[in-house]
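Inspection log for the structure reproduced underneath, given as C-alpha cells.
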Amino acid sequence: MRPIAITFSWFVLSYFAVFVLAHIGLYAMSAMSVLRASRTRRSSDLDRAGNSPLTPTVSIVVPAYNEQACIVGSVRSLLDLHYLRREIVIVNDGSSDETLVRLHDAFELVEVPVGSGLPIPTATIEALYMSRTHPELWVVDKLNGGRSDAVNAGINVARGDLIAVTDADSVLEPDSIALVVQPFVDDPGGCLAVGGIVRIANGSTFDGGRLDHVGVSRNPVAAIQVLEYLRGFLGGRVAWARMNALPIVSGAFGVFRRDALVQLGGFSLTTMGEDMEMVVRMHHELRPNMPDARVCFVPEAVCWTEAPERLRDLRGQRVRWHIGLLEVLGRHRAMMLNPRYGLVGMASLPFTLAFEALGPLIEGFGYLVIAVSLLMGWLNVPAALAFVAVSLLCGVLLSVASLLVEEVGFRRYPRKRDLAQLIGWAILENFGYRQIMTWWRVKATVLTVIGRKPGWGTIERSTALDGAADTRPAGAESQAA
Amino acid sequence: MSLTIVAIGFCVLLAVNVVIVLGILSRRVATDRRARHEQQLQRRFSPVVSQIMKHGELPLEGSPLDRMTADGAMVIAGMLAQYGRALRGDARRRITDFFAVSGLLAQAHAELCVRPAWRRMRALDVIGDIGAEASLAAIVSQLDSRSAEVRHAAVRALGRLGLPACAVPLSELLLGDRPMRGIPRASVFHALAELGEVGSVAFLKALASADPQVRMLACHGLALTQPEVGYVIDIAPALARRLEVDEDPGVRAAAADSIGALIDARVTAALVRSLTGDGSALVRRAAARALGAVADPAGIDALVEAMGDADREVAIRAAEAVALLADGAETRDAAFAAITPASRNWALDRALLQRSVAIS
C-alpha cells in the first residue's frame with residue numbers, strides 16, 4: 001500500500017502543477033484581454049450599432065414557472081432595456097400560481113392566433129398573447145414541460161434574428177443587450193452565440209428592476225459565490241472566448257442565432273446542463289462546416305442574479321450543475337482530443353474534464369489518502385502539511401487573480417470595504433467551503449454513475465431583486481422536469 | 001526532495017499572492033486618484049471649452065490652456081472632440097481650427113508614435129473626432145499597424161474624419177485590395193456609410209465583389225447612404241438586379257431589405273418574383289416586408305398568396321404587409337379585393353389584430 005500512496009502523491013503533485021500552470025495561463029490571457037478592452041471602451045460604438053442596418057432584431061425569451069412575485073417587475077425591467085430592435089417573449093410554463101394573471105393585469109394581454117409551422121416540437125401551447133400597452137411584449141401560455149421546453153416554445157414564436165435567453169428572477173443591465181449583440185454586428189454570419197457575465201445580486205440594491213447600488217452580501221455563502229462567479233467568468237471564459245474555444249454560455253444570459261437553434265432542434269430536454277449542452281452541440285455539429293464561426297463572451301454585458309444563501313439550497317444547485325456537466329461531457333465525448341473540433345476538442349473540453357469534472361474526485365481522493373497515510377504512519381508529516389498549504393495557496397491565488405482582473409477591467413465593487421471583504425473570503429473559503437463543494441461534486445459524480453438524478457427542490461430567496469421574499473423553484477434550472 | 005519542491009512552491013505561491021493583493025490595493029488607490037485628477041481637469045477646462053464653442057477661438061496667453069500639461073491636453077481634446085463628434089459644418093470647423101492653432105492636434109498626432117497600442121487607439125479616436133484634413137495621412141498609416149485594435153481604430157477615425165479621400169482606403173479594405181487583418185468588416189461598412197455620397201459610390205462598386213459578405217454589406221450600405229445621394233446614382237435597379245441574379249440568398253435578402261428601405265415602386269415586379277419564386281425563405285421574408293414598405297398595389301396578390309407560405313415567418317410578414325396595405329388610403333380597396341374567404345387565415349387574423357392594437 002505504501003508505494004501506491006507515494007505514487008499517488010506524486011501524481012497529485014504533478015496534477016497540481018499542471019492545474020496551476022494552466023490556470024495561470026488562462027488568467028494571464030483574460031487579464032490582458034480585459035485590460036485592453038477597458039482602455040479602449042467607447043460609448044459611441046453602442047450608439048452607432050443601434051442605428052445600423054446590420055443591427056439584428058433580438059427576441060428576449062424568459063421562461064417563467066411560478067414567478068408571480070417577480071414577473072411584472074422583471075418584464076418592466078426588460079422593457080427599459082436600451083435596445084430598440086427587440087421583442088420580449090415570456091413563456092408561462094404551466095405555472096400553478098398567478099404568473100399569467102399578473103401579466104394579464106399589468107400589460108393588458110390580447111390573445112392572438114398561435115398559427116402553424118412552429119419549428120421545434122414542444123409541450124402544447126395553449127395560447128399566445130400580445131400586450132395592448134407594449135406591442136413588443138408577447139406571452140406564451142403552455143403546458144408544463146421544463147425550462148428547456150419553455151425556451152424552445154419561446155424560440156418557436158420569436159421573430160428576432162437572435163434569441164436572448166434569461167431568467168425571470170434575473171435583472172439585465174440597460175446596455176447589456178446592445179453590448180452582447182456587438183459581436184454579431186462585427187461579424188454578421190460568423191457569430192453563433194455570445195454570453196454575458198452573470199453577477200451575484202445579493203448585497204446590491206435594486207430600485208424598480210434597476211440596479212441602484214452594488215455591494216457584497218454579509219452572508220458568507222453569497223459572498224463566496226461572488227468570487228466563484230468571478231473566477232468562472234473572468235478567469236476562464238474570457239480566455240476561452242479569445243481562443244474561440246468557449247464551451248459554455250450561461251443559461252441566465254446568453255444570446256444565440258435563432259436559425260442555428262432551430263437547425264439544432266432547440267435546447268435539450270434530457271440534460272440538466274442544457275446551456276452548456278447547446279453550446280457544445282453548436283461546436284460539435286455546426287462548426288466543422290463553419291470554420292470561421294465563433295462563440296464569444298462579452299464581460300461588460302451584465303446580468304444580475306440572486307444566489308442561494310443557505311448551504312442546503314446551494315447543495316441542490318451545485319449537484320445539479322455537476323450532473324449537467326458530466327452529462328454534457330459524456331454526450332459529446334467524441335469531440336474529446338479530436339482535432340476536427342479545433343481548440344474546443346483539443347483544449348477546452350479536456351481541460352473541463354480534467355479539472356472540473358475529475359478535479360473533485362482527485363481532490364477528494366487526495367484527502368482520503370492523506371488521512372489513511374497519516375493513520376498508517378506512511379506520511380512525511382512536514383511534506384504533507386507543506387502540500388496542503390500549497391493547495392490552499394493555489395485556491396487563494398485563483399480567487400485573488402480573478403479579483404485583480406475585476407479591478408483592472410470593471411471595478412464594479414466601488415466600496416473599499418467590499419473589496420477587503422472579498423479578499424478576506426478568498427482566503428477563508430479554502431477552509432471548509434471548498435471541501436464542502438468537493439464533497440457535493442463527488443456525490444454528484446456518484447449519482448451520475450448510478451443513474452440517479454436529484455429532485456428540483458426550492459430556494460428561499462432574499463429580497464434583493466424583487467422586493468418581496470418568496471419561495472419558489474431554484475432559478476435557472478428550477479422548473480419541473 | 002519532494003519536501004524541497006513543495007516548500008519552494010509554497011514560497012513562490014505565497015509571494016505571488018501577496019504581490020497580487022498589493023497590486024489590487026495599489027490599483028484601487030491609483031484609479032481613485034486618477035479619477036479625481038481627471039474630474040478636476042474637466043471642471044477647470046469646462047468654461048474654456050464653452051468659450052471655444054461659443055466664440056470659435058481663445059487667446060492662448062493667460063488662459064488655462066497656456067500652461068497645460070500633457071494630461072490636460074488629452075482631457076480637453078477629449079471634451080472638444082465629443083462636441084466635434086456631434087457637430088457638422090461651421091461649428092465643427094471651428095473646433096478643428098482651434099485644435100490646429102492650439103497645438104492640440106500636433107500633440108494628438110505625436111501620440112500616434114508611442115508604443116502602447118491603447119494610447120494610439122485613444123489618439124486615433126480623438127483625431128477622427130477633430131476632423132482635420134491634415135490628419136488623413138497619419139490615420140491611413142495606422143492601417144498598417146501591428147495591432148488589430150489600432151487598425152480598427154484607424155478605420156473608425158477615417159469614418160469620423162468624413163473627407164471624400166477617406167473612401168479610397170476604406171473601399172480598398174472592403175473590396176479586399178488591402179488586407180483586413182482582423183478589422184471587422186462591419187466597421188469598414190459603418191465608416192463608409194458615414195461618408196455619405198462617396199461611400200455609396202464605393203458600395204455600388206462593391207456590389208460586383210466576388211465575396212458574398214461584401215455584396216451583402218454593399219446592399220445595406222446603398223440603402224443607408226441613399227438619402228444623401230438623392231437621384232445622382234440610381235440605386236434601385238442595381239439592387240433589383242442583385243435580388244434577381246445573385247447566387248447567395250443572404251445577398252438577395254439584403255437587396256430586398258434595402259429596396260424596402262428605398263421605397264421605390266419601380267422594382268415591385270422583381271420583389272413579386274422573389275416572393276413567389278425564390279427557393280430561400282430568407283429572401284421571401286425580406287421580399288414580403290419590402291412589398292409592404294413599397295406599398296404598391298401591384299404586389300398585393302403575391303402577398304395574399306404568400307400568407308399561405310410553408311415558412312411561418314414568410315406567412316406572418318406577408319400578412320403584416322397586407323394588413324398595412326389594407327390601412328393605406330391608396331391601397332385599401334385593392335387589398336380588400338384581394339382578400340377572399342379562402343385566403344383569409346391565422347396569419348392575416350393575427351396581423352389585423354396586431355395592427356388594430358398598434359393603432360389603438
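All values reported here derive from a predicted model rather than from experimental measurement. As a basis for the values below, the full set of heavy atoms in this structure was taken, side chains included, without hydrogen atoms, waters or symmetry mates. Note on naming: letters A, B, ... go to the chains in the order of the sequence lines (proteins, then strands), and numbering restarts at 1 for each one.
Note: B:Arg28 leads B:Arg350, B:Arg28, B:Glu313 in heavy-atom pairs under 4.5 Å with chain A. Of the listed residues A:Val396, A:Val112, A:Leu403, A:Leu397, the one with more heavy-atom pairs under 4.5 angstrom with chain B than any other is A:Leu397. With chain B as the partner, the residue from A:Asp259, A:Val390, A:Leu393 showing the most heavy-atom pairs under 4.5 Å is A:Leu393. For the set A:Arg132, A:Glu406, A:Arg411, the count of heavy-atom pairs under 4.5 angstrom toward chain B peaks at A:Arg411. When each of A:Asp187, A:Leu392, A:Val408 is scored by its heavy-atom pairs under 4.5 Å with chain B, the top score falls to A:Val408. Put simply, of A:Leu128, A:Val20, A:Thr133, A:Leu118, the one with the most heavy-atom pairs under 4.5 Å next to chain B is A:Leu118. Between chain A and the residues B:Val357, B:Asn17, B:Leu14, the most heavy-atom pairs under 4.5 angstrom are made by B:Asn17.
Of the two parts of A:Ser131, only the backbone, made up of N, CA, C and O, holds a non-hydrogen atom closer than 4.5 Å to a non-hydrogen atom of chain B. Proximity to chain B (any heavy atom under 4.5 Å) is shown, for A:Asp161, by neither the backbone nor the side chain. Contacts of B:Leu282 with chain A are absent, with no heavy-atom separation under 4.5 Å from either backbone or side chain. For A:Val400, the parts lying under 4.5 angstrom from a heavy atom of chain B are both the backbone and the side chain. With a 4.5 Å cut-off on non-hydrogen atoms, A:Val157 touches chain B through its backbone and its side chain both. In this structure, chain B has a heavy atom under 4.5 Å from the side chain of A:Leu419, while its backbone stays farther away. If you measure heavy-atom distances from A:Ile423 to chain B, the contacts under 4.5 Å come from the side chain alone. Heavy-atom distances place both the backbone and the side chain of B:Gln354 under 4.5 Å from chain A. Using a 4.5 Å cut-off between heavy atoms, A:Glu108 does not touch chain B at all. With a threshold of 4.5 angstrom between heavy atoms, B:Leu217 approaches chain A through side-chain atoms but not through N, CA, C or O. Heavy atoms of B:Asn345 lying under 4.5 Å from chain A are absent altogether.
B:Ser209 and B:Arg215 get closest at one heavy-atom pair: O-NH1, 2.9 Å. The minimum heavy-atom distance linking A:Leu227 with A:Ala426 is given by the pair CD1-N, 3.4 Å. Across all their heavy atoms, A:Arg258 and A:Gly160 have their closest contact at CD-O, 3.3 Å. In this structure, A:Pro113 and B:Asp349 approach most closely via the heavy-atom pair CG-CB, 4.1 Å. Heavy atoms only, all atoms of each residue included: B:Met307 and B:Ser343 are closest at CE-O, 3.3 Å.
Checked options B:Ile235, B:Val251, B:Ile259; the residue passing with B:Cys219 is B:Val251 (criterion: side chain to side chain contact (heavy atoms under 4.5 Å, CB included)).
Taking the six-membered ring for Trp and thresholds of 30 and 60 degrees, B:Phe203 and B:Phe189 have ring planes inclined between 30 and 60 degrees apart. The aromatic rings of A:Tyr27 and A:His23 sit tilted, their planes meeting at an angle between 30° and 60°.
Between the side chains of A:Thr57 and A:Arg159, no donor-acceptor pair is found at a separation under 3.5 Å.
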### Task
Start with the C-alpha distance between B:Ser187 and B:Arg156, add both sets of side-chain angles, then the distance that settles side chain to side chain donor-acceptor pair (under 3.5 Å), and finish with yes or no.
CA-CA 7 Å; B:Ser187 290; B:Arg156 280 200 306 257; 6.0 Å; no

### Message
Apply side-chain contact (heavy atoms from CB on, under 4.5 Å) to residues B:Val188 and B:Met180 and explain how you reach the verdict.
### Response
CA-CA 9 Å; B:Val188 179; B:Met180 295 288 283; 3.8 Å; yes

